[in-house]
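Worksheet: one structure, shown below.
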Amino acid sequence: MARELLLEMRGIVKNFPGVRALKGVNFSVAKGEIHALMGENGAGKSTLIKTLTGIYQKDEGTILFDGKDINPKTAIEAQQEGISTIYQELNLVPFQSVYENMYLGREPRNRFGKIDRARMKRDCEEVLGELGIHVDVTQPLLTYGTAIQQMVAIGRSISVNAKLVIMDEPTSSLDTKEVKVLFGVIRKLKEKGIAVIFISHRLDEVFEICERVTILKDGIQTGEVGIEEIDQLKLISYMIGREAKQLERTKSGYRFEKAETLAEMKDIHQGVRLNGIGIDIKKGEVLGLAGLLGSGRTELSKVLFGAEMPDKGEIIWANETVRFKTPKDAIRRGMGFCTEDRKVEGIIPHLSVKENMTIALLPRISRGGVVSQKKQLEIVNKYIERLKIKTPSPNQPIRNLSGGNQQKVLLARWLCMDPKLVIMDEPTRGIDVGAKAEIEALIQELASNGISVLMISSEIAELERNCDRVVVMREGVKLGELIGDNINQDAVMVTIASGAGELEKKGGLADE
């Protein structure tokens with residue numbers, strides 16, 4: 001059956017001084033369709049969306065929307081046509097109530113010219129109710145989590161009679177349960193005949209919720225296909241413009257049975273978060289930690305790194321029982337930690353790439369309290385080249401780099417310390433697919449050089465691609481281990497849901 005198009009963008013060209021950002025892009029979305037727009041950072045996704053929503057003006061091309069030739073000059077004009085955008089950073093007012101946010105800037109008036117708050121509350125409850133959301137709409141928006149705030153933004157779109165809702169990285173701040181709620185809402189939008197453009201770096205989510213995908217690369221459309229006609233590797237190949245075979249990993253069983261153990265944690269307890277868990281990490285192994293939000297993965301890694309103290313338990317490092325009181329102790333032993341929240345706990349935004357990269361190394365390249373500028377620059381240039389960090393200069397403030405390049409700088413911070421183990425907590429969160437491929441290739445390079453990696457990721461496909469062994473956790477307890485070809489979505493979820501028993505019957509768990 002032919003798709004009934006709601007949006008058709010033909011030959012869209014957008015130029016900036018010295019740069020052609022869009023080079024004749026074609027993009028179409030059908031009525032009631034959930035359509036992914038994919039591409040690396042700089043591929044042209046944001047420029048295309050801003051051209052559609054009136055923030056930028058196209059230089060060439062045609063935009064047809066619901067059978068009408070449009071050329072919005074502002075976001076308000078686009079909204080009046082029925083196009084609504086929900087950005088990653090929600091443009092709502094946290095201290096105002098839910099219902100006030102729903103009608104921000106378009107408050108209805110009663111016959112006396114006063115704001116009709118009773119109507120606003122009633123209509124807000126009705127709109128959110130249709131989405132399956134039942135909250136006290138008189139409470140300040142900040143009372144509720146990110147998921148509910150996004151639902152309010154979506155409800156606002158519906159209340160202005162949107163025909164197309166654009167969602168830019170809508171799941172970046174949501175946990176697994178909240179993502180399910182959001183996907184339920186997206187499906188309800190589809191039932192109402194409202195189309196959704198879904199922009200995300202999370203491939204698993206794209207394949208779960210979207211029906212069709214358009215891929216951009218360097219301002220050019222490189223593909224448009226039904227989601228059932230493509231797999232993840234093919235999609236990545238379209239996005240990065242080359243074969244993505246480096247993401248395929250040949251697994252020939254578990255290679256580390258006889259390998260020397262680098263680190264071991266025994267019977268670790270910490271409050272209610274860790275409940276007698278134990279793990280071991282072999283030399284040169286990539287060990288993954290899988291589990292739902294709140295399973296204790298990050299807490300366990302912080303205990304190993306000395307950032308948090310256990311109430312009980314033992315840590316053995318290179319066959320010696322140790323007690324890391326601070327991260328400084330762990331770093332001295334040869335450990336590095338790429339934190340989950342690189343913006344808050346990782347980078348120092350106002351310092352340069354050079355300063356961020358070498359901050360842990362300074363004691364080694366200093367004499368009498370004076371840093372050797374020559375050694376520092378040699379090391380920085382070496383890792384900029386080795387990790388292909390895109391920066392105009394080592395002196396560039398790190399805040400000006402993309403998320404993927406910031407992550408590479410943090411990884412370089414530990415590599416220049418000659419580590420034995422690198423802990424990587426959500427190493428590819430918030431970075432584009434091309435940068436993900438590079439980070440994953442670096443993880444494999446570390447392992448091939450005998451450096452152990454402890455990898456925490458919410459993306460099971462990422463663990464499957466990279467890990468030799470995966471420990472599955474729930475509520476601070478180790479449920480089981482998966483190895484080699486047994487590392488997959490179904491095996492992880494069965495382990496989480498039912499504990500180790502069911503998989504042991506199938507022979508899917510590693511021997512402990």
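None of the values given here were measured: they were computed from a predicted structure. Both backbone and side-chain heavy atoms feed into the values below; hydrogens, waters and symmetry mates do not.
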Open item on the list: Salt bridge check, R333 against E320: does any charged N sit closer than 4.0 Å to a carboxylate O?
Closed with: yes
Open item on the list: So, taking the atom named CD in E224 and the one named NE2 in H35, what distance separates them when rounded to the nearest 0.5 Å?
Closed with: 5.0 Å
Task: Under 3.5 Å donor-acceptor, E355 side chain and S352 backbone - done: yes
TODO: Determine whether the side chains of T298 and D425 contain a donor N or O and an acceptor N or O closer than 3.5 Å.
DONE: yes
Open item on the list: If we ignore hydrogens and angles and just use 3.5 Å, is the side chain of Y383 paired with the main-chain N or O of L415 as donor and acceptor?
Closed with: yes
- [ ] Sequence neighbours left out, what passes side chain to side chain contact (heavy atoms under 4.5 Å, CB included) with D231? Give chain and number order.
- [x] L233, K234
Open item on the list: Quick one: does any side-chain atom of Q150 pair with a main-chain N or O of P170 as donor and acceptor, under 3.5 Å?
Closed with: yes
- [ ] May I ask you to decide if S457's main-chain N or O and R297's side chain share a donor-acceptor pair within less than 3.5 Å?
- [x] yes
TODO: Ignoring hydrogens and angles, tell me if any N or O in the side chain of N405 forms a donor-acceptor pair with the backbone of K390 under 3.5 Å.
DONE: yes
Open item on the list: I need the single residue from V286, T261, L304 that forms a side-chain contact (heavy atoms from CB on, under 4.5 Å) with I281. Which is it?
Closed with: L304
- [ ] Decide, yes or no, whether a salt bridge links R20 with D218 under the criterion of side-chain N to carboxylate O below 4.0 Å.
- [x] no
TODO: Only counting residues at least two apart or in another chain, list the ones meeting side chain to side chain contact (heavy atoms under 4.5 Å, CB included) with K266.
DONE: E264, E314, I316
Open item on the list: Checking Q376 against T358: is there a side-chain donor and acceptor pair closer than 3.5 Å?
Closed with: yes
Open item on the list: Any non-hydrogen side-chain atom of R469 less than 4.5 Å from a side-chain atom of E285?
Closed with: yes
Open item on the list: Donor-acceptor pair, distance only, cut-off 3.5 Å: does the side chain of S452 make one with the backbone of G284?
Closed with: yes
If you look only at distance, which donor and acceptor atoms sit under 3.5 Å apart when one is on a side chain in residues 364-372 and the other is two or more places apart or in another chain?
unit_1, atom_1, unit_2, atom_2, d
R364, NH1, M417, O, 3.2
S366, OG, L362, O, 2.5
S372, OG, K375, N, 3.3

- [ ] Look only at the side chain of E211 and the backbone of I34, and say whether a donor-acceptor pair between them is shorter than 3.5 Å.
- [x] yes
Task: Nearest-0.5 Å distance that lies between atom SG in C467 and atom CG in L482 - done: 10.5 Å
Task: Rounded distance (nearest 0.5 Å) linking atom OG1 of T339 with atom CG of L410 - done: 8.5 Å
